[in-house]
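Order of the sequence lines sets the chain letters (A, B, ...), proteins ahead of strands, with each chain counted from 1.
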Amino acid sequence: AQSVAQPEDQVNVAEGNPLTVKCTYSVSGNPYLFWYVQYPNRGLQFLLKYITGDNLVKGSYGFEAEFNKSQTSFHLKKPSALVSDSALYFCAVGFQKLVFGTGTRLLVSP
Amino acid sequence: GAGVSQSPSNKVTEKGKDVELRCDPISGHTALYWYRQSLGQGLEFLIYFQGNSAPDKSGLPSDRFSAERTGGSVSTLTIQRTQQEDSAVYLCASSPLESYGYTFGSGTRLTVV
């Protein structure tokens, strides 16, 4: 069975500082991994995905994620946070049917 | 259309009533998914349609929930005899064949009073 864990309910970071939102996964075989973002009263928007290849994946809005097979992690990162990055972030694993984590709320303060 | 369209955006219903939620996927997307997002919780998979294959209904929480997809396009999620615990945001997503990652609609917020 596939599962995803997002250990932090909320991450607080000051604008301009680097941010990391953590995700670990459990899956048999090669994982397909995703990050989505949800702004208030909106649906989820795709940020990036890892299927195969380079372990560092670049996505929308300056976000990137690093696939680490030995640690079964797929942490989301951004070098310099913006207040507008404040939102709910979901990690997901799967092939066609995705299993989502419980989400991490990112709060970027001015 | 340009995106996944869901209607209504908000629905308030009385306990015990039936409701229908509609999803219009992106044209040409063969896969369609329904998820439920409850307050403070992640996304719960409900059902998945892929082309003409039998749908994967493994996530439907009870027999009060059903969904159909007509003509490989529009989908309707029906909840019969609604209960207060059905209150949630119901999200629909679609994807092309052999593509990884979904496009989500904005969701239907269902409130059962």
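Interface remark: L91(B) contributes side-chain atoms only to the contact with chain A (heavy atom separation under 4.5 Å). With a 4.5 angstrom heavy-atom cutoff, Q45(A) does not touch chain B via any of its atoms. Proximity to chain B (any heavy atom under 4.5 Å) is restricted, for I51(A), to the side chain, taken from C-beta onward. With a threshold of 4.5 angstrom between heavy atoms, S58(B) approaches chain A through side-chain atoms but not through N, CA, C or O. Interface remark: Y102(B) contributes backbone and side-chain atoms alike to the contact with chain A (heavy atom separation under 4.5 Å). In this structure, chain A has a heavy atom under 4.5 Å from the side chain of Q37(B), while its backbone stays farther away.
Y50(A) has its ring centre less than 6.0 Å from the ring centre of F67(A). In summary, the aromatic rings of F63(A) and Y61(A) are positioned with their centroids too far apart to meet the 6.0 Å limit.
Under the 4.5 Å side-chain criterion, counting only non-hydrogen atoms from C-beta, F74(A) is not in contact with V93(A).
Salt-bridge formation is not detected for the pair E64(A)/K78(A): no Lys NZ or Arg NE/NH1/NH2 atom is positioned less than 4.0 Å from an Asp or Glu carboxylate oxygen.
Cation-pi check for K49(A) over Y32(A) is not met; the charged atom does not lie both under 6.0 angstrom from the ring centroid and within 45 degrees of its normal.
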